[in-house]
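Working notes for the structure below.
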Number of protein chains: 4
Amino acid sequence: MGRTVTETARRAQIVQGAIEVLAEVGYAKTSFARIARQAGLSSTGMISYHFAGKDELMREVVAEVWRVSEAYMRPRIAAAEGHRARLRAYIESNIELLAVHPQHLAALLEVLPNLRGDEDTQQGYLESARAVLEFHQRQMQQAQADGGFREFDAWVMATAVRGAIDAVVTRWMTDPQLDPAAVGRELADLFDAATRAEAK
Amino acid sequence: MGRTVTETARRAQIVQGAIEVLAEVGYAKTSFARIARQAGLSSTGMISYHFAGKDELMREVVAEVWRVSEAYMRPRIAAAEGHRARLRAYIESNIELLAVHPQHLAALLEVLPNLRGDEDTQQGYLESARAVLEFHQRQMQQAQADGGFREFDAWVMATAVRGAIDAVVTRWMTDPQLDPAAVGRELADLFDAATRAEAK
Amino acid sequence: MGRTVTETARRAQIVQGAIEVLAEVGYAKTSFARIARQAGLSSTGMISYHFAGKDELMREVVAEVWRVSEAYMRPRIAAAEGHRARLRAYIESNIELLAVHPQHLAALLEVLPNLRGDEDTQQGYLESARAVLEFHQRQMQQAQADGGFREFDAWVMATAVRGAIDAVVTRWMTDPQLDPAAVGRELADLFDAATRAEAK
Amino acid sequence: MGRTVTETARRAQIVQGAIEVLAEVGYAKTSFARIARQAGLSSTGMISYHFAGKDELMREVVAEVWRVSEAYMRPRIAAAEGHRARLRAYIESNIELLAVHPQHLAALLEVLPNLRGDEDTQQGYLESARAVLEFHQRQMQQAQADGGFREFDAWVMATAVRGAIDAVVTRWMTDPQLDPAAVGRELADLFDAATRAEAK
DNA sequence: GATGAATGAGTTTTCATTCAT
DNA sequence: GATGAATGAAAACTCATTCAT
């Protein structure tokens, strides 16, 4: 709020550096020193100057990845018609992100499990994570009500979708020649079969 | 190799402490100091005395969780008859572990993503992880050949199963009143539907 | 490279402290803690902040002693005329350094034998040490060709000169009332006799 | 005094291990742990059990090297006739030790400069070192009195001989294909020329 | 006597943060 | 505002020594 242009640019530069380091070496080895080097800064003090603390920086990383993901996924999901197509679009566009922004999802998976401990941050993260999950839950319940989806526990299904996508991201980190498009299609097929109302 | 009784007992005690700390505070905040306190040791030096380094300790944690999981899951999977029952037994028994050994799976999820970087360790882990995945792949391909499973990419399916289970474990860590048995059943239903040969 | 004034000054201060500690307690007991105390620093962290590691600090110590020695010896050797006078100037000016910079040569003798093990460092040191030795070898061979020196193995002679000087430095460390000037003259006489073309 | 056979054997085994480690990695990196491994002992405690402390072990190392050196050099020096031949025998036999006991002299050079600090040990070492030096001094003064040697400061000459030999040992440590016999002869020639009464 | 386990002070190094300019 | 220097707590690990058996 009320940030100058250079200030905003500096913060973006640092967040970008953090994403790269997180994707490359993992959360445990991501230090201000490493980020500063990556971002071309001369001292770690500069990071502390621009961010209230490590937590704020990490929260910004999450926010940035969210922003990028939303920008890519939302229109693709919106373009889909019907519950099944939307679920497919969600899964496929999410995995396509691997090719578009190779480090963002990896960075996210490094940060999220390590945000706990800090009360406020955790609370905030848990809330938004739960909100997202609940949104998907409601979508699925609507689909069940509309007759397109079979009966299943929506929480478990939404959690499974997330976990499956995350697992693909994780494997892709150590095996980048994986074809995201093909895997995305397969995964969408999988959950299409898992959710589809049974043929009678 | 060639360890005395006392030595073995101490190592087990330290590994147990490490598992507890990992499950409670996460990998990034798991230090020798914290583990020593948890295990009731007077100094961090003792851990270094019994383990060649942090890596060796973490590898032992993985091995211990693996051992415990095997001991619980193997007989339950072996008791199942038919491909579909085996897949169900795999998923359900894995998630049941949350109730039986509440901290082990959580600790595993903390350690695994952070083992990278160390050449030898990672190599070992990647190999065995890939071996497990390939085993499941082959199981599924056999099931497809036998006609019980529909056509799908076995690698994607195996990865999705793992990811879904891990996601449940992760959510359980922040919401322990989740009922593992029920969730396990639901998740097994999910993948039963996802793999089942289509009704005609 | 690209160091600020403050940075350079701090590094010099630390190197000076290291030289003093090395001369006083020897390499084995020279710790960052000891150096920090000697240099009036509040923490050992500061040394790590300014130097990449103990090796870099020790290399800087060697470089500093080398610089000081060169500054003192080079003009005195250059002022000498003829091979025999130059050898004398080399030996005498080297030993005179004991009086001018009492701790520098002692520190050097502590550091040099302990630099081994570190691949890069050792390589660098061995190379420059060999280069110096070879320079002296060539000087002596030239002197032999010019007829002023008798026939002898130049490598052995150069090594003996170095060893004799180092031995004097070592003895001086436990017996500082030794008169460097007098010893230097005697040692120069010794090698003058050892190298002199035989009277016929 | 009053040691059993096994006790004596154990001590010898440890001293031998210490000599090997000292020669290989240098004093600074010579720890009880390293020595225990080298000597095939299961714990460092055993070293402390057999020796009062690190100092005593190091003193034993010095004593052992002395014993071995004496056994080799003394008869060879005794066999020489005349002052000049004796000086030659001293230098040559000392350097020949490099081939006979490759690690002993190297270990000695590592230990000696690091014995300072401990009052008693240092006192003892300094005394015996000074005694040896004085012995050589007297030998040389006798030779001067007998007319075979020219006038020079005997202390400087004795120190130079020691230093030259030590320098050869040091160089040999990093360049073991050096031919000790040849170098010994050259070095003896050198000091023969340096001490010889001038031809008139 | 002899041994393996333990100790706790020590090492270098890295950390996020603060401060003076 | 912005920057490089400094801080001191904490990290993993090693050390020679001690102790219970």
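We name chains A, B, ... by the order of the sequence lines, and we start the count at 1 in each one.
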Per side chain to side chain contact (heavy atoms under 4.5 Å, CB included), C:T30 is matched among C:V25, C:V111, C:I19 by C:V25
Among E:dT7, E:dA5, E:dA2, the one nearest D:E7 by side-chain distance:
E:dA2
Its contact letters, B for base, S for sugar-phosphate only and - for none at protein heavy atoms under 4.0 Å, make nucleotides 16-21 of chain F read SBB---
Any side-chain N or O of B:H50 under 4.0 Å from OP1/OP2 of E:dA6?
yes
Does A:E110 use its side chain to pair, donor to acceptor, with the backbone of A:L22 at less than 3.5 Å?
no
Tell me, please, which residues at least two apart from C:T170 pass side-chain contact (heavy atoms from CB on, under 4.5 Å).
C:L109
Could I get the full list of side-chain hydrogen bond (donor to acceptor under 3.5 Å, both in side chains) partners for A:Q103, not counting sequence neighbours?
none
Roughly how many Å is it from CD1 in C:I47 to P in E:dT11, rounded to a whole number?
11 Å
Applying side-chain contact (heavy atoms from CB on, under 4.5 Å), name anything that partners D:T6, two or more places apart in sequence or on another chain.
D:T4
Nearest whole Å is fine: how far is E:dA5 P from B:L41 CG?
15 Å
Rounded to whole Å, the CG-P distance (A:L57 to E:dC15) equals 14 Å
Please name all residues satisfying salt bridge (Lys or Arg N to Asp or Glu O under 4.0 Å) with D:R10, sequence neighbours left out, ordered by chain then number.
none
Rounded to whole Å, how long is the line connecting atom CZ of C:R37 with atom P of F:dG8?
16 Å
N or O in side chain of B:S42 less than 4.0 angstrom from E:dT7 OP1/OP2
yes
Using a 4.0 Å heavy-atom cut-off, does A:R10 contact any base of the nucleic acid, only the sugar-phosphate backbone, or nothing at all?
sugar-phosphate
Measure the distance from CD1 on B:I35 to C1' on F:dA11 and round it to the nearest whole Å.
12 Å
Between atom NZ in B:K29 and atom P in F:dA12, what is the gap in whole Å?
14 Å
Sorted by chain and residue number, the side-chain hydrogen bond (donor to acceptor under 3.5 Å, both in side chains) partners of B:R11 (sequence neighbours excluded) come out as B:E56
Identify each donor-acceptor pair in which a side-chain atom of residues 36-49 of chain B lies under 3.5 Å from a protein atom, sequence neighbours left out, and give them as a table.
from: B:Q38; atom 1: NE2; to: B:E20; atom 2: OE1; distance (Å): 2.5
from: B:S43; atom 1: OG; to: B:G45; atom 2: N; distance (Å): 3.3
from: B:S43; atom 1: OG; to: B:M46; atom 2: N; distance (Å): 3.4

DNA chain E: stems of at least 3 consecutive Watson-Crick or G-U pairs whose donor-acceptor distances fall under 3.5 Å:
E:2-21 with F:2-21
Take the protein atom CD1 of A:I14 and the nucleotide atom P of E:dA16, then report the distance between them rounded to whole Å.
13 Å
Qualifying residues under ring pair (Phe, Tyr, Trp, His ring centres under 6.0 Å), relative to A:H50, sequence neighbours excluded:
none
